[in-house]
Amino acid sequence: MEPIEYLWKDRKRFLGMPLSFTRYRLSDDRLFCETGLLNMKSDEVLLYRVRDLRLTISLGQRVFGVGTVCVVSSDKSIPHLDLKNVKDPRTVKELIHQNVEAAKDRRRMRATELLGGEDGPVCQEFDEDADLDEEGI
């Protein structure tokens, strides 16, 4: 078993310093969030499941050069993951975005259809290798 090669690592920061037991890591196909010191909890999101990225930087965060990258995914266990108080959040968001697109290309995930509805257009994605159900969706 080979060790995971990480493209980016950081910790949740307090007053701009990494004084937290929350660690974030990004590999070429997954985003990891690990919390705790004695009782550890580790979550991961497969990058091809990421639906949206959002960046929020409050005034206090700007003072300390940090921000929050919000990752919205189709993962059932972690539909919303906040990377709180990470250093250089714009670069982190762009790095995640580039790797999400690369992961979707590797799995041949494509935006297939825009459906109009009451809430506006909705983008559906599917895996070209997956079996289609009876309705062809």
Side-chain angles (χ1 to χ4, degrees):
M1 180 175 215
E2 294 181 28
I4 298 172
E5 232 178 274
Y6 295 110
L7 305 171
W8 169 80
K9 298 179 198 179
D10 201 0
R11 288 180 180 261
K12 181 178 173 183
R13 293 170 179 264
F14 179 72
L15 300 177
M17 300 184 323
L19 301 174
S20 171
F21 296 110
T22 301
R23 291 167 294 285
Y24 306 116
R25 294 182 179 100
L26 175 70
S27 72
D28 64 342
D29 65 340
R30 292 176 285 178
L31 179 61
F32 300 89
C33 176
E34 194 173 89
T35 58
L37 175 63
L38 299 177
N39 294 322
M40 293 179 57
K41 176 183 165 191
S42 183
D43 291 317
E44 66 182 64
V45 175
L46 295 169
L47 291 182
Y48 79 89
R49 291 187 176 197
V50 172
R51 295 249 187 237
D52 193 23
L53 294 170
R54 183 176 52 235
L55 176 66
T56 56
I57 305 173
S58 68
L59 178 60
Q61 287 176 318
R62 283 194 342 217
V63 169
F64 293 104
V66 297
T68 299
V69 178
C70 306
V71 178
V72 179
S73 74
S74 60
D75 192 301
K76 299 239 188 269
S77 62
I78 312 167
H80 186 93
L81 176 64
D82 286 338
L83 309 179
K84 296 179 183 176
N85 296 333
V86 294
K87 185 178 175 184
D88 201 8
R90 287 182 179 88
T91 303
V92 171
K93 180 181 173 268
E94 186 59 30
L95 182 62
I96 294 171
H97 169 73
Q98 290 170 357
N99 283 282
V100 164
E101 293 303 315
K104 287 182 180 185
D105 286 345
R106 282 192 302 272
R107 288 186 152 263
R108 296 195 298 261
M109 301 287 288
R110 302 282 182 243
T112 58
E113 189 175 328
L114 288 176
L115 301 174
E118 293 176 11
D119 298 330
V122 176
C123 180
Q124 285 188 330
E125 294 182 10
F126 75 99
D127 185 348
E128 293 174 355
D129 294 333
D131 294 329
L132 298 177
D133 63 12
E134 302 85 42
E135 297 173 12
I137 298 178

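When side chains are defined from C-beta on, R49 does not count as touching R107, because their heavy atoms never get closer than 4.5 Å. The shortest distance between side-chain heavy atoms of Y24 and W8 falls below 4.5 Å. Looking at heavy atoms from C-beta onward, L31 lies in side-chain contact with L83 at the 4.5 angstrom threshold. Residues T68 and C70 have side chains in contact (heavy-atom distance under 4.5 Å, counting atoms from C-beta outward). V71 places a side-chain heavy atom less than 4.5 Å from the side chain of L53. A heavy-atom distance below 4.5 Å is found between the side chains of H97 and E94. In this structure the side chain of Q61 reaches within 4.5 angstrom of the side chain of N85, judged on heavy atoms.
Rounding to the nearest 0.5 Å places OG1 of T56 at 10.0 Å from NZ of K84. Between atom OH of residue Y48 and atom CG of residue D105 there is a gap of 14.5 Å, rounded to the nearest 0.5 Å. How far CG of D43 is from CD of E34: 10.0 Å, rounded to the nearest 0.5 Å. The CG atom of D88 sits 10.5 Å away from the CG atom of L95 when rounded to the nearest 0.5 Å. Considering CD1 of I4 and CG of D28, their distance stands at 9.5 Å, rounded to 0.5 Å.
Qualifying ring pair (Phe, Tyr, Trp, His ring centres under 6.0 Å) partners for F32, counting only residues two or more places apart in sequence or in other chains: Y6.
Both L55 and V45 sit in one connected hydrophobic cluster of ILVMFWY residues. Membership requires side-chain heavy atoms under 4.5 Å apart, directly or through other members. Hydrophobic clustering of Ile, Leu, Val, Met, Phe, Trp and Tyr side chains at less than 4.5 Å, counting indirect connections, keeps V86 apart from L19. Residues V63 and I57 do not share a hydrophobic cluster, clusters being chains of Ile/Leu/Val/Met/Phe/Trp/Tyr side chains in contact below 4.5 Å.
Applying the 6.0 Å contact sphere to CZ of R106 captures more than 12 heavy atoms from other residues, nucleotides or ligands.
Shortest non-hydrogen contact noted between D29 and S27 is OD1-OG, 3.0 Å. Residues E44 and I78 come closest through the heavy atom pair O-CD1, 3.6 Å. Between G65 and P89, the shortest heavy-atom distance links the atoms O-CD, 4.3 Å. Heavy-atom minimum distance, R23 versus G36: NH2-O, 3.5 Å.
K104 contributes a side-chain N or O that, together with a main-chain N or O of V50, makes up a donor-acceptor pair within less than 3.5 Å.
Looking at R54 and D52, no side-chain N of the basic residue comes within less than 4.0 Å of a carboxylate O on the acidic one, giving no salt bridge.
For residues 10-19, the salt bridge (charged side-chain N to carboxylate O under 4.0 Å, His left out) pairs, not counting sequence neighbours, are D10-R13.
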